[in-house]
Amino acid sequence: MKRLHIIGRKNSGKTTLVVDLVAWLTAAGKRVGTIKHTHHQHELDTPGKDSHRHRQAGAAAVGILSPGLNAVYWPTSDEHDSPARYQQMEPLFQACDLVLVEGHSRSTAPRIEVWRADTETEPIAAQDAGIVALVTDDPPPGSLAGSPLIWSRSDLAALAGNIEQLLADR
C-alpha cells in the first residue's frame, strides 16, 4: 500500500489538505484511499444497535452492508501505533493508487507536515528529521531538523505531483 502520512499540530489544516488532495487526485483519475489516525478512544459503532450488540457478544469481526456504505469493525489487541494495524487494512485498500493517512506523527512511513505560522507553534519537523517535507505558504522557521523540503500549500498541482513522486520513489 502506497501510504503517506499528513501530520501537523492542532488546527494546522491537516483535514482540509487531505480533502483538497483527495479531490485533486481523484479528478486526475487516481483512486485515493484515506485513513484517519487518532490517539483518542472513539466508539465507532452505535451502542445498542445490532452490530454493536454482536461485538459485545464476542464476535471476532462485525460487518455492516448497507445500500450506500459498507464497514467492518474488529477489535485490536495490537499496540495502537503498530504497523501491523495498517497491514490488516491493506487488502481493503489494494485498489487504491495511494492512501493518505491523516495523523500518526510517529509512523515510519513517509510523513509530510502541514504548518501555518498563525498557529504560533513550532513545526514538528523542528525536532523530527524523519519528516520529508513541510507544507506551508508561510516562511518556515530558521531551524528545521534534517532540512525537510518546503512544499507550497497553495499549489495543489505541484503538491500532488510531489506526493506522487515521493511515493513512486519508495
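Small disclaimer: the values here were computed from a predicted structure and weren't measured.
In this structure, L159 CG and I163 CD1 are separated by 4.0 Å, a value rounded to the nearest 0.5 Å. Between L98 atom CG and L25 atom CG the span is 5.5 Å, to the nearest 0.5 Å. To the nearest 0.5 Å, atom NZ of residue K2 and atom CD of residue E164 are 9.0 Å apart. From C96, atom SG reaches atom CD of E90 across 11.0 Å, with rounding to the nearest 0.5 Å.
In this structure a side-chain-to-backbone donor-acceptor pair under 3.5 Å is missing from W115 to D138. With hydrogens and angles ignored, the 3.5 Å screen pairs a side-chain donor or acceptor of S12 with a backbone N or O of R9. A donor-acceptor pair is defined here as one N or O able to donate and one able to accept, closer than 3.5 Å; no such pair exists between the side chain of S105 and the backbone of I7.
Residues R31 and D97 form a side-chain contact, since some pair of their non-hydrogen atoms from C-beta on lies under 4.5 Å apart. In this structure, the side chains of R111 and D128 come closer than 4.5 Å at one or more pairs of heavy atoms. With contacts defined as side-chain heavy-atom distances shorter than 4.5 Å, the pair L166/W151 qualifies. Side chains of S107 and H37 form no contact here, defined as non-hydrogen atoms less than 4.5 Å apart. A heavy-atom distance below 4.5 Å is found between the side chains of L21 and I6.
When all heavy atoms are compared, the tightest approach of L167 to R3 is CD2-O, 3.6 Å. Closest heavy-atom contact between W24 and A160: CD1-CB, 3.5 Å. The heavy-atom pair separating A125 from P148 by the smallest distance is CB-CG, 4.1 Å. Heavy atoms only, all atoms of each residue included: D137 and S152 are closest at OD1-OG, 2.8 Å. Here the closest non-hydrogen pair linking P110 and L4 is O-CD1, 3.5 Å. When all heavy atoms of V62 and H54 are compared, the pair lying nearest together is CG2-CB, 3.8 Å.
The cluster map of Ile, Leu, Val, Met, Phe, Trp and Tyr, joined by side-chain heavy atoms under 4.5 Å apart, puts I112 and L144 in different clusters. When hydrophobic clusters are built by joining Ile, Leu, Val, Met, Phe, Trp and Tyr residues whose side-chain heavy atoms come closer than 4.5 Å, directly or via intermediates, L149 is grouped together with L100. When hydrophobic clusters are built by joining Ile, Leu, Val, Met, Phe, Trp and Tyr residues whose side-chain heavy atoms come closer than 4.5 Å, directly or via intermediates, V101 is not grouped with V132. Neither M89 nor V32 shares a network with the other; the hydrophobic side chains, linked directly or stepwise wherever heavy atoms of I, L, V, M, F, W or Y lie under 4.5 Å apart, form separate groups for each. The hydrophobic cluster containing I150 does not contain V135, counting ILVMFWY residues as joined when their side-chain heavy atoms lie under 4.5 angstrom apart, directly or transitively.
Partners of E102 under the side-chain hydrogen bond (donor to acceptor under 3.5 Å, both in side chains) rule, at least two apart in sequence or in another chain, are T15, K36.
Ring geometry, Y86 versus H5: the interplanar angle exceeds 60°, so the pair is classed perpendicular (tilted spans 30 to 60°).
Note on residues 113-122: pairs passing salt bridge (charged side-chain N to carboxylate O under 4.0 Å, His left out), not counting sequence neighbours, are R116-D118.
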